[in-house]
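One structure below.
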There are 2 protein chains.
Amino acid sequence: MSYSIQQASEQTGLSVHTLRYYEKIGLILDVARNAAGRRQYSDADLQWIRFLKQLKATGMPLVQMKTFAELRRGGHATHAARRGLLAAHRTAVEAQISALHDCLDLIDYKINKHLQGENADDNTTSNRNVAGE
Amino acid sequence: MSYSIQQASEQTGLSVHTLRYYEKIGLILDVARNAAGRRQYSDADLQWIRFLKQLKATGMPLVQMKTFAELRRGGHATHAARRGLLAAHRTAVEAQISALHDCLDLIDYKINKHLQGENADDNTTSNRNVAGE
DNA sequence: GTACAAGTTAGAGTATGCTCTAAATCAAGA
DNA sequence: TCTTGATTTAGAGCATACTCTAACTTGTAC
């Protein structure tokens, strides 16, 4: 099964512009072309693009994804390197989750403060050591 | 207690450039000045800046933080609006956490795949419906 | 064959969020 | 007083990640 750039866009949720851009900067490699020079995305291509989207959702910069894309093209020899990258990123994602939980706690505290109708404009007298209103 | 911009920078982890920038775009309001026109940050200011930093860590755009900053200046009358904003943001942060957990799962799958020495370059024969290598 | 939609490229433009520079002012120590 | 370092402003510059434009080619329907 192969897909036009428009179909790939629909399947992945990235715009056609973005798909071309990702290819230009080396995130998507070796996309097949038909006789007329048009892109023919494979299922594997779409899976890879969805993976990129996931990585992006975790805040990974495109340049780091590019590193991964290049390693991927290197085949078996690069398995260890890719594993290392993923492991490092895993740690980063866990830290992010932890930071978001902290923020949730803070938001809950703030919401609660507002619900109770406390003087929410005077941070200096807060009985809890959290950031200002 | 009041703090110079340099001290505020040290206390909050934002650069002095960023502190001035945040003030310029309306994220930090009504910072006191001494006779010479130099900024004198209060403890309340620092708490507010730390709160901004937390919001930023959750991916909130500066323009939305600015809305919150303006509401804050509005005092009691804006409590409900602020509560609404925070509640909406809470939902967004929860969604983010959930997305990050999904990504962790995917990363774990990938790491595992590499550890086992499977053919990690052939996505089309993957026995699991996840994104490409 | 003639529209018309969809594809191609290179390259310009935009949005966000800083980050730095220049020129001037100010405060404190030798 | 002179120097050094910190501050001030307006505004320029930069990095990231798109997003769009122009000019052209291709494929399909009528």
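Labels below follow one simple rule: chain letters A, B, ... track the order of the sequence lines, proteins then strands, and each chain is numbered from 1. Bear in mind the structure is a predicted one, so any value in this text is a computation, not a measurement.
- One can place OH of Tyr41(A) at 12 Å from C1' of dT8(C), the figure rounded to the nearest angstrom.
- Contact annotation: Arg39(B) side-chain N/O to dT7(D) OP1/OP2 distance is not under 4.0 Å.
- By the 30° and 60° cut-offs, the orientation of the rings of His79(B) relative to His76(B) is perpendicular.
- Spacing between atom CD of Gln7(B) and atom C1' of dT7(D) amounts to 13 Å, rounded to whole angstrom units.
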_Let's go through Lys66(B) and Glu70(B) carefully: what are the C-alpha distance in whole Å and the side-chain angles of both, what is the deciding distance for side chain to side chain contact (heavy atoms under 4.5 Å, CB included) to 0.1 Å, and is it a yes or a no?_
CA-CA 6 Å; Lys66(B) 185 184 169 174; Glu70(B) 283 161 358; 3.0 Å; yes

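- In this structure, NZ of Lys66(A) is placed 12 Å from P of dT16(D), rounded to the nearest angstrom.
- Rounded to a whole Å, the CG atom of Leu14(B) is 12 Å from the C1' atom of dG17(C).
- Looking only at side-chain heavy atoms (C-beta outward), Leu14(A) and Leu52(A) stay at 4.5 Å or farther from each other.
- Figure legend: cation-pi geometry between Lys56(B) and Tyr22(B) absent, as NZ or CZ is not positioned both under 6.0 Å from the six-membered ring centre and within 45° of its axis.
- Straight-line distance from the CD atom of Gln64(B) to the C1' atom of dG17(C): 16 Å, rounded to whole Å.
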Q: Show the numbers, then the answer: is there a side chain to side chain contact (heavy atoms under 4.5 Å, CB included) between Val31(A) and Leu19(A)?
A: CA-CA 11 Å; Val31(A) 176; Leu19(A) 286 172; over 6 Å; no

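- Side-chain N/O atoms of Ser4(B) include one lying less than 4.0 angstrom from OP1 or OP2 on dT7(D).
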Under a 4.0 Å heavy-atom criterion, the protein footprint on nucleotides 17-30 of chain D, written with B, S and -, is BBBBB---BBS---

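- Residue Ile25(A) is classed as having no contact, given no heavy-atom separation below 4.0 Å to the nucleic acid.
- Here dT19(C) presents its P atom at 12 Å from CG of Leu19(B), a figure rounded to the nearest Å.
- In this structure, Ile25(A) is a member of the same hydrophobic cluster as Phe68(A), with clusters built from ILVMFWY side-chain heavy atoms closer than 4.5 Å.
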